Amino acid sequence: MMSTNKVRSTKLTFKGDKPKKKRKREVGEIGSSRKSRRKDDNEDPETWVLPENANEIRGPTFLMHPSDPYPISINFNSTTNRIVIHFFDKEKLEDDTEPPSLLDRTPTDVSQVWVTTRVAGSSTVNLRTGTGEGKFLSCDAHGIVSVDRDARGPQEEWTPVVLPDGMVAFMNVYEKYLSIDEIAGGAMQLRGDSDEVGFRERFWVKIQSKYKKEAHEEEKKKEGAAEKPKINEESSNRLYQTWGAGRLVISTDDKKELKNARKEGRLAEALLDRRSKLKSDRFC
């Protein structure tokens, strides 16, 4: 017959130990913690998000400007090979519903998407059209912005500057800023000859979340590579110096000299000097 007694815990305990009280979690608390851990994993990698720093601006890019009275997006017409300033909300919606806010908007056509590529070892980027033959956005010394270059050069380089409010300004090789300019007849065009960042030079930029994560991973790798080497004299001696019967000998000198050597970039040399002082062979 099976015993009805409770199974005793096999955990090792000592006489006089006080029992630890287990903290009970609320159902909502458990759900919130799991949600916070898996928030990024569950997010669609193609979700359009705002960049937090200039390094995150890469891949498919959506450029908008909060112009008045209608906000605009920077588009490209692959038929005419020209930049098109598209006005949001200019045409009334069929069901008379309220249009979404500018920050809630996402691209609805491939002509609204630019492809941002980063120049290796530089803070500059290139903006290439997402349709057609892949022309680069360029600006000449007179501030004329065009999209007719098949190759990238200095005039196709832009330096994104993320402003405190999250908007982005783009500086060209002549240290002038990209801006929205109104011409005769109320039409709008892009210019690249502004000396300062004002309302006309501030753009809202959206990127896809997977490229934002990619930028974070690169930063983590750089931080890991930049970490100072650890001072582990014991493992160093065990690897490079042999003593009888597996005996391990470590220098009794002050370790401050090792810390100074690490700062000066000669840690391996300092460890070698300390090992050489431990040698007992008179013929060495």
Side-chain angles (χ1 to χ4, degrees), residues 46 48 50-51 54 56-91 102 105-120 122-161 167-195 197-208 211:
E46 296 185 356
W48 292 93
L50 297 174
E56 295 176 356
I57 301 177
R58 59 180 69 189
T61 306
F62 185 34
L63 302 176
M64 301 175 289
H65 190 275
S67 298
D68 187 47
Y70 303 108
I72 62 176
S73 67
I74 313 301
N75 297 9
F76 173 71
N77 189 327
S78 59
T79 303
T80 60
N81 283 341
R82 291 186 178 180
I83 299 171
V84 176
I85 305 298
H86 173 71
F87 290 88
F88 292 126
D89 310 332
K90 199 169 185 179
E91 298 179 358
L102 186 60
R105 290 186 178 274
T106 57
T108 56
D109 191 86
V110 69
S111 63
Q112 297 175 321
V113 178
W114 299 77
V115 179
T116 303
T117 55
R118 305 197 67 84
V119 180
S122 174
S123 59
T124 60
V125 300
N126 301 118
L127 293 168
R128 180 172 54 83
T129 60
T131 60
E133 299 177 357
K135 304 289 185 178
F136 288 94
L137 183 71
S138 63
C139 180
D140 63 13
H142 303 287
I144 299 176
V145 179
S146 59
V147 193
D148 55 3
R149 304 288 181 86
D150 294 321
R152 54 189 176 189
Q155 291 187 345
E156 288 71 46
E157 293 183 3
W158 300 90
T159 303
V161 181
M167 300 185 77
V168 180
F170 291 92
M171 185 174 66
N172 58 27
V173 69
Y174 304 104
E175 298 186 352
K176 305 290 184 179
Y177 292 95
L178 184 70
S179 65
I180 293 290
D181 187 32
E182 185 175 356
I183 58 177
M188 309 289 281
Q189 70 174 5
L190 284 180
R191 293 285 301 177
D193 52 3
S194 295
D195 295 318
V197 177
F199 175 75
R200 298 186 301 114
E201 293 75 27
R202 305 161 77 95
F203 295 86
W204 284 114
V205 176
K206 279 196 167 185
I207 58 172
Q208 292 183 341
Y211 293 98

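Just so you know, these numbers use all the heavy atoms, side chains as well, and skip hydrogens, waters and symmetry mates. Just so it is clear, the structure is predicted and the values come from calculations on it, not from any experiment.
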### Task
Side-chain contact test, heavy atoms from C-beta onward, threshold under 4.5 Å: evaluate it for Ile83 versus Val145 and give yes or no.
yes
### Task
Mind running side chain to side chain contact (heavy atoms under 4.5 Å, CB included) on Leu63 and Val205 for me, showing each step along the way?
CA-CA 5 Å; Leu63 302 176; Val205 176; 3.7 Å; yes
### Query
Do Ser73 and Arg105 have a side chain donor and acceptor closer than 3.5 Å?
no
### Message
Can you pull out every salt bridge (charged side-chain N to carboxylate O under 4.0 Å, His left out) where at least one residue sits in residues 56-77? Sequence neighbours excluded, please.
### Response
Arg58-Glu214, Arg58-Glu218
### Query
Could you state the interatomic distance from OG1 (Thr61) to CG (Leu127), rounded to the nearest 0.5 Å?
6.5 Å
### Side-chain (Glu201) to main-chain (Gly198) donor-acceptor, under 3.5 angstrom
yes
### Task
Starting at CD1 of Ile74, measure out to CZ of Phe62 and round the result to the nearest 0.5 Å.
9.5 Å
#### Entry: Test side-chain contact (heavy atoms from CB on, under 4.5 Å) applied to Glu46 - qualifying residues, sequence neighbours left out
Asp44, Gln208, Lys210
### Query
Below 4.5 Å, heavy atoms only, C-beta onward: do Val110 and Thr131 meet side chain to side chain?
yes
## Note on the structure
What one should report as the nearest heavy-atom pair of Gly143 and Asp193 is CA-CB, 4.0 Å
### Task
Quick one: closest heavy-atom pair of Val115 and Gly130, and the distance?
CG2-CA, 4.2 Å
### Task
Calculate, to the nearest 0.5 Å, the distance between atoms OG1 and CD1 belonging to Thr116 and Ile57 respectively.
7.0 Å
#### Entry: Non-hydrogen atoms of Tyr70 and Phe88 that approach each other most closely
CB-O, 3.3 Å
### Query
Can you check whether His86's main-chain N or O pairs, donor with acceptor, with Asn75's side chain at less than 3.5 Å?
no
### Task
I would like to know whether Phe136 and Asp150 meet side chain to side chain contact (heavy atoms under 4.5 Å, CB included); could you show each step before the answer?
CA-CA 6 Å; Phe136 288 94; Asp150 294 321; over 6 Å; no
### Arg200 vs Ser194, side chain to side chain contact (heavy atoms under 4.5 Å, CB included): CA-CA, chis, key distance, verdict
CA-CA 9 Å; Arg200 298 186 301 114; Ser194 295; 3.9 Å; yes
### Task
Rounded to the nearest 0.5 Å, what's the gap from NZ on Lys206 to CG on Leu102? Could you check?
8.0 Å
### Query
Do Ser122 and Thr124 have a side chain donor and acceptor closer than 3.5 Å?
yes
### Query
Distance from Ile144 atom CD1 to Leu190 atom CG, nearest 0.5 Å?
12.5 Å
### Query
Should Ser138 and Ser146 be marked as a side-chain hydrogen bond (donor to acceptor under 3.5 Å, both in side chains) after you check the CA-CA gap, both sets of side-chain angles, and the distance that decides it?
CA-CA 6 Å; Ser138 63; Ser146 59; 3.3 Å; yes
### Message
Measuring centre to centre across the rings, with the benzene-like ring taken for any Trp, is His65 within less than 6.0 Å of Phe199?
### Response
yes
### Task
Evaluate side-chain hydrogen bond (donor to acceptor under 3.5 Å, both in side chains) for Asn77 paired with Arg82, printing each intermediate quantity in order.
CA-CA 5 Å; Asn77 189 327; Arg82 291 186 178 180; over 6 Å; no
### Interatomic distance, Gln155 atom CD to Leu137 atom CG [nearest 0.5 angstrom]
11.5 Å
### Task
Flag the pair Met64 / Pro71 as yes when at least one side-chain heavy-atom distance between them is below 4.5 Å, and no otherwise.
no
### Message
Ser123: which residues meet the side-chain contact (heavy atoms from CB on, under 4.5 Å) condition with it, sequence neighbours left out?
### Response
Thr159
### Task
Using atom types as modelled and distance alone, determine if a side-chain donor or acceptor of Thr129 lies under 3.5 Å from a backbone N or O of Lys135.
yes
### Query
So, Gln112 side chain and Thr108 main chain: donor-acceptor pair closer than 3.5 Å or not?
yes
### Message
Minimum heavy-atom separation for Ala54 and Arg118, please, with both atom names.
### Response
O-NH1, 3.0 Å
### Which atom of Arg191 lies closest to which atom of Gln189, heavy atoms considered
CD-NE2, 3.5 Å
### Summary
In short, Phe87 meets Ile72 closest at the heavy-atom pair CD2-CG2, 3.5 Å
### Query
After noting the C-alpha distance and the side-chain angles of Trp158 and Leu178, does the key distance pass the side chain to side chain contact (heavy atoms under 4.5 Å, CB included) rule?
CA-CA 9 Å; Trp158 300 90; Leu178 184 70; 3.9 Å; yes
